[in-house]
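To start, the structure itself, in structure tokens.
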Amino acid sequence: IERTLSIIKPNAVAKDAIGAILSRFEAAGLKIVAARMLHMSKEQASAFYAVHQGKGFFDELVGFMSSGPVMVQVLEGEGAIAKNREIMGATNPAEAAPGTIRADFADSFTENAAHGSDSPENAAVEIQFFFPEGVCE
Ligand code: ATP
Ligand code: MG
């Protein structure tokens, strides 16, 4: 059984979409096995997105991700990583399929409402980043 790290980004938290987004995960068979809210510092956001350092959108991304509270969850289920990315839709909301989280809650390419891990390796690193004390069974 697979786990993935999901983030409801500051723009979606600000528009009170936490409940709607969590409902979509649960309706799709993804169990929420850990969750917390936090307001990341610029340093935390830079560390989380370190792989994107040097890219043109990096400063805007870090500014946005540290602009307000986020809700971070660990989602568990069969094929959780791919399933979550399918529910989120394409990174660019203009290309996100109708009915996906990004189609419905994104405000721009950067403010695209949600994050989901893209591989088992990154999921493990990202879960450890936000839940260093571990996640219950
Ligand atoms: P995430 O990692 O947030 O789940 P992703 O894996 O679909 O999204 P990445 O390529 O990892 O996309 O980019 C990380 C985030 O950086 C995107 O979700 C988006 O917020 C922002 N981003 C990526 N590319 C661009 C771009 N060309 N212009 C503006 N923002 C971008
Ligand atoms: Mg990514």
Side-chain angles (χ1 to χ4, degrees):
I1 201 89
E2 196 168 70
R3 286 178 170 179
T4 190
L5 191 279
S6 160
I7 304 177
I8 301 176
K9 295 185 177 184
N11 70 305
V13 172
K15 64 172 88 168
D16 300 320
I18 292 175
I21 291 173
L22 293 182
S23 291
R24 293 181 185 208
F25 296 146
E26 292 187 324
L30 293 172
K31 275 199 121 31
I32 299 158
V33 297
R36 62 182 283 221
M37 291 195 71
L38 77 160
H39 187 152
M40 280 193 273
S41 64
K42 280 200 161 194
E43 291 67 32
Q44 278 176 301
S46 299
F48 181 75
Y49 277 120
V51 42
H52 293 303
Q53 220 142 25
K55 294 185 186 165
F57 59 83
F58 183 75
D59 288 350
E60 186 186 344
L61 176 61
V62 166
F64 165 56
M65 290 300 288
S66 58
S67 68
V70 298
M71 185 173 191
V72 189
Q73 320 94 49
V74 178
L75 306 178
E76 183 180 275
E78 219 54 71
I81 293 169
K83 192 179 268 186
N84 179 36
R85 291 183 70 86
E86 193 183 314
I87 297 166
M88 285 196 298
T91 308
N92 180 354
E95 291 164 9
T100 59
I101 289 169
R102 283 164 168 169
D104 291 341
F105 300 111
D107 292 295
S108 69
F109 204 143
T110 297
E111 301 195 11
N112 61 358
H115 162 86
S117 308
D118 60 11
S119 68
E121 296 70 31
N122 286 337
V125 170
E126 292 177 0
I127 289 168
Q128 172 69 23
F129 185 92
F130 287 109
F131 300 95
E133 70 287 359
V135 175
C136 64
E137 287 308 306

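In listed order, ligands and their atoms are each counted from 1.
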At a non-hydrogen distance cut-off of under 4.0 Å, which region of Phe64 contacts ligand 1 (side chain, backbone, both, or neither)? neither

His115 vs Phe48 aromatic rings, parallel, tilted or perpendicular, using cut-offs 30° and 60°? perpendicular

Within reach of ligand 1, part of Glu60 (heavy-atom separation under 4.0 Å): neither

protein heavy-atom neighbour closest to atom 9 (P) of ligand 1 works out as His52 NE2, 3.6 Å

Taking a cutoff of less than 4.0 Å between a non-hydrogen atom of the residue and any ligand atom, is Asn112 in contact with ligand 1? yes

Of Phe48, Phe57, Tyr49, the residue with the heavy atom nearest atom 22 (N) of ligand 1 is Phe57

From Met65 atom CE to Glu111 atom CD, the distance as rounded to the nearest 0.5 Å: 10.5 Å

Minimum-distance pair of heavy atoms, taken over all atoms of Gly116 and Asn84: CA-ND2, 3.4 Å

Can you tell me how far CD1 of Ile7 sits from CE of Met71, rounded to the nearest 0.5 angstrom? 12.0 Å

At under 4.0 Å between heavy atoms, is it the side chain or the backbone of Lys55 that contacts ligand 1, or both, or neither? neither

So for Phe109 against ligand 1, with non-hydrogen atoms under 4.0 Å, the contacting part is both

Among pairs that include at least one residue of residues 56-75, which meet ring pair (Phe, Tyr, Trp, His ring centres under 6.0 Å), considering only residues two or more places apart or in two chains? His52-Phe57

Can a non-hydrogen atom of Arg102 be found less than 4.0 Å from any atom of ligand 1? yes

I need the atoms of ligand 1 closer than 4.0 Å to a non-hydrogen atom of His115, numbered in the order shown. 1 (P), 2 (O), 3 (O), 4 (O)

Of the options Ser119, Ser6, Ser117, which is the one that meets Glu126 in a side-chain hydrogen bond (donor to acceptor under 3.5 Å, both in side chains)? Ser117

Separation between CZ (Phe25) and CD (Gln73), nearest 0.5 Å, reads 5.5 Å

Should Gly116 be counted as touching ligand 1, given the test is an N or O pair under 3.5 Å? yes

List the atom pairs, with distances to 0.1 Å, where a side-chain N or O of residues 89-96 and a protein N or O form a donor-acceptor pair under 3.5 Å, not counting sequence neighbours.
residue	atom	partner	partner atom	Å
Asn92	OD1	Ala94	N	3.0

Which of the listed options, Thr91, Asn84, Thr4, Thr110, holds the heavy atom that is closest to atom 20 (O) of ligand 1? Thr110

Any Arg85 heavy atom less than 4.0 Å from ligand 1: yes

Does any N/O atom on Lys9 come nearer than 3.5 Å to any N/O atom on ligand 1? yes

Do Tyr49 and Leu5 belong to the same hydrophobic cluster, where Ile, Leu, Val, Met, Phe, Trp and Tyr are linked whenever their side-chain heavy atoms lie under 4.5 Å apart, directly or via other members? yes

